[in-house]
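Accompanying notes for the structure given below.
Fair warning: this is a prediction, and the values are worked out from it, not measured in the lab.
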Amino acid sequence: DETWFFNVLQHAICPEEMLLKAKKTSKVIRVFEPINTPTNVPHPHSLTQETFTKVLGDFGHIYNGGSEPNSFSTDCYYGVWNADNNI
């Protein structure tokens, strides 16, 4: 019923394809993913807010990296997408 994306899409062959598959198969999608990061061998993609909104619509928020002690130092896109709200 749910798909969770937590710091995984930068590593995928095609992040947009994973989001589309989740949209087709899930009632709920939970996201917390780094955005606007440099690419390298283990992180071949630099995700942006638009990566998510062009597939799922504008459902999330921006976490400002480093704004919480002992947490992600990178900006992240996060939120919960509900199929019931997006049919």
Side-chain angles (χ1 to χ4, degrees):
D1 291 323
E2 288 192 10
T3 299
W4 290 36
F5 292 110
F6 183 84
N7 195 23
V8 67
L9 289 175
Q10 289 177 291
H11 308 277
I13 292 172
C14 184
E16 292 85 359
E17 186 176 316
M18 292 184 71
L19 291 169
L20 284 168
K21 186 170 186 175
K23 184 178 180 179
K24 291 178 185 175
T25 60
S26 304
K27 294 177 183 175
V28 175
I29 302 171
R30 299 179 190 278
V31 171
F32 191 91
E33 289 285 337
I35 57 172
N36 307 319
T37 58
T39 59
N40 54 37
V41 172
H43 303 96
H45 302 284
S46 180
L47 307 174
T48 65
Q49 180 176 357
E50 185 181 6
T51 305
F52 300 95
T53 59
K54 72 181 176 184
V55 176
L56 301 173
D58 190 14
F59 70 97
H61 309 279
I62 302 292
Y63 165 80
N64 293 315
S67 61
E68 296 290 327
N70 303 315
S71 189
F72 274 74
S73 59
T74 303
D75 291 350
C76 296
Y77 190 76
Y78 73 96
V80 179
W81 177 92
N82 290 288
D84 293 343
N85 297 336
N86 296 283
I87 294 175

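- Here Ser26 pairs with Thr3 under the side-chain hydrogen bond (donor to acceptor under 3.5 Å, both in side chains) rule; sequence neighbours left out.
- Shown here are the side-chain hydrogen bond (donor to acceptor under 3.5 Å, both in side chains) partners of His43, two or more places apart in sequence or in another chain: Asn40.
- A ring pair (Phe, Tyr, Trp, His ring centres under 6.0 Å) with Phe32 holds for exactly one of Phe52, Phe72, Phe5; it is Phe72.
- With a 4.5 Å cut-off on side-chain heavy atoms, Pro44 and Thr39 do not count as touching.
- Screening residues 70-81 for salt bridge (Lys or Arg N to Asp or Glu O under 4.0 Å) gives no qualifying pairs among residues at least two apart or on separate chains.
- The number of heavy-atom neighbours closer than 6.0 Å to NZ of Lys21, taken from other residues, nucleotides and ligands shown, is 12 or below.
- Linking Ile, Leu, Val, Met, Phe, Trp and Tyr residues whenever their side-chain heavy atoms come within less than 4.5 Å places Leu20 and Ile29 in a single cluster.
- Residues Val8 and Val28 fall into different hydrophobic clusters, defined by Ile, Leu, Val, Met, Phe, Trp and Tyr side chains chained together at heavy-atom separations under 4.5 Å.
- Sorted by first then second residue, the side-chain hydrogen bond (donor to acceptor under 3.5 Å, both in side chains) pairs that include residues 4-16, not counting sequence neighbours, are Glu2-Trp4, Gln10-Thr37.
- Summarising the geometry of Val55 relative to Lys23, their closest heavy-atom pair is O-NZ, 3.0 Å, with the distance given to 0.1 Å.
- With hydrogens and angles ignored, the 3.5 Å screen pairs no side-chain donor or acceptor of Tyr77 with any backbone N or O of Thr48.
- Taking CG of Asn82 as the reference point, atom CG of Leu56 lies at 11.0 Å (rounded to 0.5 Å).
- Taking the side-chain hydrogen bond (donor to acceptor under 3.5 Å, both in side chains) definition, one finds that Thr74 meets it with nothing, sequence neighbours left out.
- Sorted pairs that involve residues 31-43 and meet salt bridge (Lys or Arg N to Asp or Glu O under 4.0 Å), not counting sequence neighbours, are lacking altogether.
- The distance from the SG atom of Cys14 to the CG atom of Leu9 is 10.0 Å, given to the nearest 0.5 Å.
- Looking at Ile35 and Cys76, their side chains never come closer than 4.5 Å, going by heavy atoms from C-beta outward.
- In this structure the side chain of Phe59 reaches within 4.5 angstrom of the side chain of Val31, judged on heavy atoms.
- Side-chain contact check for Tyr63 versus Glu68: some heavy-atom pair is nearer than 4.5 Å.
- Looking only at side-chain heavy atoms (C-beta outward), Gln49 and Ile62 come within less than 4.5 Å of each other.
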